[in-house]
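A short write-up of the structure that comes next.
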Amino acid sequence: MRVFKFGGASVKDAESVKNVATILNTNTSKDRLCVVVSAMGKTTNLLEEIAKNYFNKVHTSNQLNQLKEYHFSICKNLFSNNDKFFEELHNVFVELEWILEEEPGMDFSFVYDQIVCLGEILSTKIIAAFLNNTGLNCNWVDARDLIKTDNTYREGKVDWDSTLSCTKEYFTKNSHQLILTQGFIGGTSENFTTTLGREGSDYSAAILAYCLDAKEVLIWKDVPGVLNADPKYFSNTFVLNHLSYQDTIELAYYGATVIHPKTIKPLQNKNIALKVKSFLNPNLEGTLIDGSNTTEHKPSYIVKRNQVVMSIFPKDFSFIIEDNLSEIFKVFSQKQVKINLMQNSAISFSVCINNDENKIQEVIPLLKNNYKVLFNEKLQLITIRYFNEETEISVLKNKEKILEQRSRHTLQVVVKE
Ligand code: ASP
Ligand code: MG
């Protein structure tokens, strides 16, 4: 068994879908293939807008039309006019319209997941129908019946036991060589939809690979592999041909957007290799990520933008002790604020976090009684893995440093934007 994952950019128009079909055609061999697909292009962003407007009781018809037009125009280039698939496509939009006609519930995250999941339902239905029409026999399965989560909407926590048994059962009963499913979405025990967090399709692929004891996972991207830095911000970037799981986790965790950070752990636990390859140039080697330790220690650097440093001081000017830390962490955990970097001194505790206005506003009142809270905004968190003097100087040139942390292999610096 192998697992392939195609992201939104790889299925953004009819040409791209045809390209995916070509890649699948050349890769169907004796191994079974489980294919995980994201929503087409920027569909998830559009569905997010629809979910927000619906929840705030603002009209959604413009975005809804945009969504329909986008998908129908892709399909016009993939199917003949009278293909019976158009009815199936139409039915997905009817399902969405039914949701939008109801009064929204109270929980935005719940509402969000029931709407936003439809991007992946649309893309996979389109691709499955297209593959079957072109003679590549494949079976469509609803990922909500395979990946089971708790009811943390927008950030579903995987229930590994039931996911394992549902997935194994399905793949044992079904004998198709090629099985196609959605990334990003899961289902609760009550059959509501959850999502796994933005860009979560990579994680879906890893979850399924884990459950199926897959030989390898291939993530198809619009870049030639994992690069040592984001070419949008740095020149002279290069492909890292071989990475360890550990290095990849570090890079992804600190903001390299090439792979979703949660993807690696399930693969590492079963020693499943991960390849990142270009869907534009499938013949290129790409990046191999596995458990071997032969990786060269080439410096990589990642910039996480839109950061805030929050400094917390006990109001009574006492030292920061374990009691304070435990109280502060409890607040962060309760409000699901992720700490990207932290540092304590005698009288303060500082955290670098994403500038998420809503979450920050929820955290402040819970700390205000016992602590003075100060902010430093418009910051970036720069992480250099395998730093050396040369990269340190060039990456941090002209930057005003706010916080700095150094370990043997990783240098992290919070700087002004
Ligand atoms: N479609 C989802 C998103 O855009 C999941 C993914 O692409 O991985 O976040
Ligand atoms: Mg995506």
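Order of listing sets the numbers, starting from 1, for every ligand and every atom in it. Sequence positions, counted from 1, serve as the residue numbers for this chain.
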>> Main chain of Thr152, side chain of Lys157: is a donor-acceptor contact present, judged purely on distance under 3.5 Å?
In response: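 Judged by distance alone, no pair lies under 3.5 Å.
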> Is there a donor-acceptor pair under 3.5 Å between the side chain of Asn132 and the backbone N or O of Cys138?
Replying inline: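 A pair under 3.5 Å: yes.
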> Considering only heavy atoms, does Ser201 approach ligand 1 within less than 4.0 Å through its side chain, its backbone, both, or neither?
Replying inline: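 Both of them.
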> Does Glu120 approach ligand 1 within less than 4.0 angstrom via side chain, backbone, both or neither, non-hydrogen atoms only?
Replying inline: side chain
>> For the 3.5 Å polar cut-off, considering only N or O atoms, please tell me whether Lys5 and ligand 1 meet it.
In response: no
> Is any N or O atom of Asp202, backbone or side chain, closer than 3.5 Å to an N or O atom of ligand 1?
Replying inline: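 Among all N and O atoms of Asp202, none is under 3.5 Å from an N or O of ligand 1.
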>> Assess the residue pair Val92 and His90 against the criterion (side-chain contact (heavy atoms from CB on, under 4.5 Å)); give the C-alpha distance rounded to whole Å, side-chain angles, the decisive distance to 0.1 Å, and a yes or no.
In response: CA-CA 5 Å; Val92 181; His90 176 75; over 6 Å; no
> If you count the atoms of ligand 1 from 1 in the order shown, which ones are under 4.0 Å from a heavy atom of Thr44?
Replying inline: 1 (N), 2 (C), 3 (C), 4 (O)
> Just which atoms of ligand 1 are under 4.0 Å from any heavy atom in Arg198?
Replying inline: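 In order of numbering, the contacting atoms are 3 (C), 4 (O), 9 (O).
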> Lys42: heavy atom below 4.0 Å from ligand 1, yes or no?
Replying inline: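 No.
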>> With a cutoff of 4.0 Å, is Gly200 in contact with ligand 1, counting heavy atoms of the residue only?
In response: yes
>> Pair Asn355, Glu377 - check side chain to side chain donor-acceptor pair (under 3.5 Å), show working.
In response: CA-CA 8 Å; Asn355 187 11; Glu377 287 170 322; 5.1 Å; no
>> Assess the residue pair Thr188 and Asn151 against the criterion (side chain to side chain donor-acceptor pair (under 3.5 Å)); give the C-alpha distance rounded to whole Å, side-chain angles, the decisive distance to 0.1 Å, and a yes or no.
In response: CA-CA 6 Å; Thr188 67; Asn151 56 6; over 6 Å; no
> If you measure from the Lys or Arg side-chain nitrogens to the Asp or Glu carboxylate oxygens, is any gap between Lys68 and Glu97 under 4.0 Å?
Replying inline: yes
